[in-house]
Amino acid sequence: MATKTSPLSGFPELLPAARSVERAVIASLSDTFELHGFANIETRAVEPVDVLLGKGETSKEVYLLERLQKEQGGSDAGVGLHFDLTVPFARYVLEHAGHLEFPFRRYQVQPAWRGERPQEGRYRQFTQADVDIVGKDVLPFHHDVEVMRVMVEALDALPIPALSFQFNNRKLIQGFYAGLGLPDVVAAIRVIDKLDKLPAEKVAELLVSDAGATPEQAQQCLDLATIRVADTSFVEQVRALGVSHPLLDEGLAELEAVVAGCSAGERRHVTVEANLRIARGLDYYTGTVVEIFMAGYERLKSVGGGGRYDALASDGRTTYPGVGVSFGVSRSIIPLLADGVLAGSRPVPSAVLVAVTDEDSRAASDAVAASLRARRVPCEVAASAQKFGKQIRYAERRGIPFVWFVQDDPDGGVSHQVKDIRSGEQVAADPAAWTPPTDDLRPQVVTKEHQ
RNA sequence: GUGGGUAUAGCUCAGCUGGUAGAGCGCUGCCUUGUGGUGGCAGAUGUCGCGGGUUCGAGUCCCGUUACUCACCCCA
């Protein structure tokens, strides 16, 4: 019976070649995280609604599981799919605190769900990669530098366009605003966050109307927010504004350490800046904050972000401060795939198609395949003993670079030949010794420059 | 949630002021009796998103509906 299907908006599905790219990205990220000693965990897909909604997110972006709610008798709010990995992680830490060693370092690559209108780079189901370090009661500041450096290193290794890490520090902002005498620091941060959407004059007006600032204070806020440098010279620039407060000093010192620490070393395509307008809307951040942007894809807004949160998880007796950063795998990779900036070299893992001469000799072809696989060469045996031209075409359509022929010799033995179907070159080969070039062994990520 | 656009072959799309469905690519076969790609010849494929209305007649006009899509809001 025919079934009509249609894509579900916001729930992207990749074809095999594209999926191989996504998997390569995830493998590369995991490799870097593990190189720095971060253990992988996976949390369940659902959380109690009160856990999900406790962090200032609006309820309508959460997908609720209606059936489970009904089963529970409707007395409590039920469960919903998580919309990020930070909130489930905080819950996980509380739940398993007795079995974890602190500081606890973990990374997590999982889908999250959000019920908002889909767009390029914004999906209802998307994969995110998070790294965090969580301490018990205290977490020394140097972990801020450490975890940010890990993400810098992880993203620097990816075959994607240049990335910019833009750092700020909540203590710096709050200390500055407090030193300035602003009545409503939180409202001011929220207004400053609009700076890339509204003109400066409009933001100044909002600071006066919404955050209770005087016009002079508003101007100083703008002066602070427009500081953006690729080194630690922002410290003098902030000092020059003439505001002083102990929290400001602390924030300046922290941001200086993060920028200096993340800038150190050779990078392929990741740059680091202090950008004092970065605030991040989420109110659980307390110190370091970061947003990550991808060159040529500024329209996606940030492809990653994170920061320091001193009290995301607490059981009332112990608090678990943490610092972490997340990278939007779907958000960045899917647009790159759609634009052809990234592509998979082939849709199948097979590097070799072993041709079948006739069904009676299929066993001989199977033996060749087994021999290749014993040396970790991915291969498959032809589906049917069609004319060799058809079998070659089968391989060509799948991007399989080599076809292996097993043929009877006049002297009663068999001969083996392998053909590179891109060049047409065909040579005698030993199934117990032949190996394809390394680049042909597995599907590769192809970038536009190389195409 | 608000506003715009679109819906026709596997894919990209054409189809004028209404007259029973088309192209390119792809696909299948043959030229090519066991080695593909180029070329030539032949061929297959559609409830024209769904429901209703107007009309002798609707892919085309009208109404509704659903899905997709773009922008705003917001975020990874």
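Below, chains carry the letters A, B, ... as their sequence lines are ordered, and counting in each starts from 1.
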Undergrad: Check whether A:His269 reaches the backbone of A:Ile160 with its side chain - one donor and one acceptor, N or O, closer than 3.5 Å.
TA: yes
Undergrad: Just call it for A:Ile292: base, sugar-phosphate, or nothing, with non-hydrogen atoms closer than 4.0 Å on any strand.
TA: nothing
Undergrad: For A:Ala112, which contact category applies under a 4.0 Å heavy-atom criterion: base, sugar-phosphate, or nothing?
TA: nothing
Undergrad: Are the charged groups of A:Arg19 and A:Glu22 less than 4.0 angstrom apart, N to O?
TA: yes
Undergrad: Determine the Euclidean distance between corresponding C1' atoms of B:A44 and B:G49; express it in Å to zero decimal places.
TA: 24 Å
Undergrad: One thing to verify: whether A:Asp144 and A:Lys171 come together as a salt bridge, which I'm taking to mean a side-chain N less than 4.0 angstrom from a carboxylate O.
TA: no
Undergrad: Counting only Watson-Crick or G-U wobble pairs whose two distances fall under 3.5 Å, which nucleotide matches B:G64?
TA: B:C50
Undergrad: So does A:Arg397 get a side-chain nitrogen or oxygen closer than 4.0 Å to the phosphate oxygens (OP1/OP2) of B:C27?
TA: yes
Undergrad: At under 4.0 Å, does any side-chain N or O of A:Lys387 touch on OP1 or OP2 of B:U35?
TA: no
Undergrad: Expressed in whole Å, how much space separates the C1' atoms belonging to B:G4 and B:G43?
TA: 43 Å
Undergrad: Has the side chain of A:Gln426 got a donor or acceptor atom sitting under 3.5 Å from an opposite partner on the base of B:U35?
TA: yes
Undergrad: Relative to the 5' end of RNA chain B, which residue comes earlier, A:Gly389 or A:Ser326, by the nucleotide with the nearest heavy atom?
TA: A:Gly389
Undergrad: B:C73 pairs with which nucleotide, Watson-Crick or G-U wobble, both distances below 3.5 Å?
TA: none
Undergrad: On a whole-Å scale, what distance lies between the P atoms belonging to B:C68 and B:U8?
TA: 14 Å
Undergrad: Rounding to an integer number of angstrom, what distance separates B:C63 and B:A42 when you compare their C1' atoms?
TA: 47 Å
Undergrad: Less than 4.0 angstrom from a charged side-chain N to a carboxylate O is my criterion; do A:Arg170 and A:Asp310 meet it?
TA: no
Undergrad: Considering heavy-atom distances to RNA chain B, does A:Lys301 or A:Ile392 have its closest nucleotide positioned more toward the 5' end?
TA: A:Ile392
Undergrad: In whole Å, I'd like the distance from the CZ atom of A:Arg122 to the P atom of B:C73.
TA: 10 Å
Undergrad: Classify A:Tyr123 by what it touches in the nucleic acid, base, sugar-phosphate, or nothing, heavy-atom distance under 4.0 Å.
TA: base
Undergrad: How many Å lie between CD on A:Glu116 and C1' on B:U2, as a whole number?
TA: 14 Å
Undergrad: Using atom P of each nucleotide, how far apart are B:G10 and B:C27 to the nearest Å?
TA: 15 Å
Undergrad: Output yes when at least one side-chain N/O atom of A:Gln119 is less than 4.0 Å from OP1 or OP2 of B:A71, else no.
TA: yes
Undergrad: Between B:A58 and B:G51, how far apart are the two C1' atoms, rounded to whole Å?
TA: 15 Å
Undergrad: Could you measure the distance from the OG atom of A:Ser30 to the CZ atom of A:Arg23? Nearest 0.5 Å is fine.
TA: 11.0 Å
Undergrad: Taking only the side-chain nitrogens and oxygens of A:Lys390, find out if one of them lies under 4.0 Å from OP1 or OP2 of B:G29.
TA: yes
Undergrad: To check you understand the geometry: which heavy-atom pair defines the closest contact between A:Val289 and A:Ala279, and what is its length?
TA: CG1-O, 3.9 Å
Undergrad: Check the side chains of A:Asp132 and A:Tyr309 for a donor-acceptor pair under 3.5 angstrom, ignoring hydrogens and angles.
TA: yes
Undergrad: Could you tell me how far B:A21 sits from B:U45 if I compare only their P atoms? Round to whole Å.
TA: 13 Å
Undergrad: All N/O contacts under 3.5 Å from nucleotides 37-41 of chain B to the protein, with atom names and distances to one decimal?
TA:
unit_1	atom_1	unit_2	atom_2	d
B:G37	N2	A:Ile421	O	3.3
B:G37	N2	A:Arg422	O	3.2

Undergrad: Salt bridge or not for A:Glu146 and A:Arg149, using N-O below 4.0 Å?
TA: no
Undergrad: Using a cut-off of strictly less than 4.0 Å, decide whether A:Ser9 has a side-chain nitrogen or oxygen near OP1 or OP2 of B:U69.
TA: yes
Undergrad: Less than 3.5 Å apart, any donor N or O on the side chain of A:Arg106 or A:Gln108 sitting next to an acceptor on the other?
TA: yes
Undergrad: Distance check, P atoms only: B:C16 and B:C74, in whole angstrom units.
TA: 43 Å
Undergrad: Suppose we define a pair by two distances each less than 3.5 Å, Watson-Crick or G-U wobble; what does B:G24 pair with here?
TA: B:C11
Undergrad: For A:Arg398 and B:G36, what is the distance between atoms CZ and C1' respectively, to the nearest whole Å?
TA: 14 Å
Undergrad: Is there aromatic stacking of A:Phe388 on B:G36 here, judged by a ring-centre distance under 5.5 Å and a plane angle under 30°?
TA: no
Undergrad: Is the NZ or CZ atom of A:Arg398 both under 6.0 Å from the centre of the six-membered ring of A:Tyr394 and within 45° of that ring's axis?
TA: yes
Undergrad: Can you check the A:Leu300 CG to B:C73 P distance for me, whole Å?
TA: 15 Å
Undergrad: Rounded to whole Å, please give me the gap between CD in A:Gln391 and C1' in B:U32.
TA: 17 Å
Undergrad: Mind checking if A:Gln125 touches a base, just sugar-phosphate, or nothing, with heavy atoms under 4.0 Å?
TA: nothing
Undergrad: Using whole Å, report how far CZ of A:Phe11 lies from C1' of B:A76.
TA: 15 Å
Undergrad: Just the rounded figure in Å: distance from P of B:C74 to CD of A:Glu120.
TA: 19 Å
Undergrad: In terms of side-chain heavy atoms of A:Leu8, which of B:A76, B:U35, B:C68 is nearest?
TA: B:C68
Undergrad: With sugar-phosphate meaning primed atoms plus P, OP1 and OP2, does A:Phe405 contact a base, only sugar-phosphate, or nothing at under 4.0 Å between heavy atoms?
TA: base
Undergrad: Under 3.5 Å, is there any donor-acceptor pair linking the side chain of A:Arg117 to the base of B:C74?
TA: no
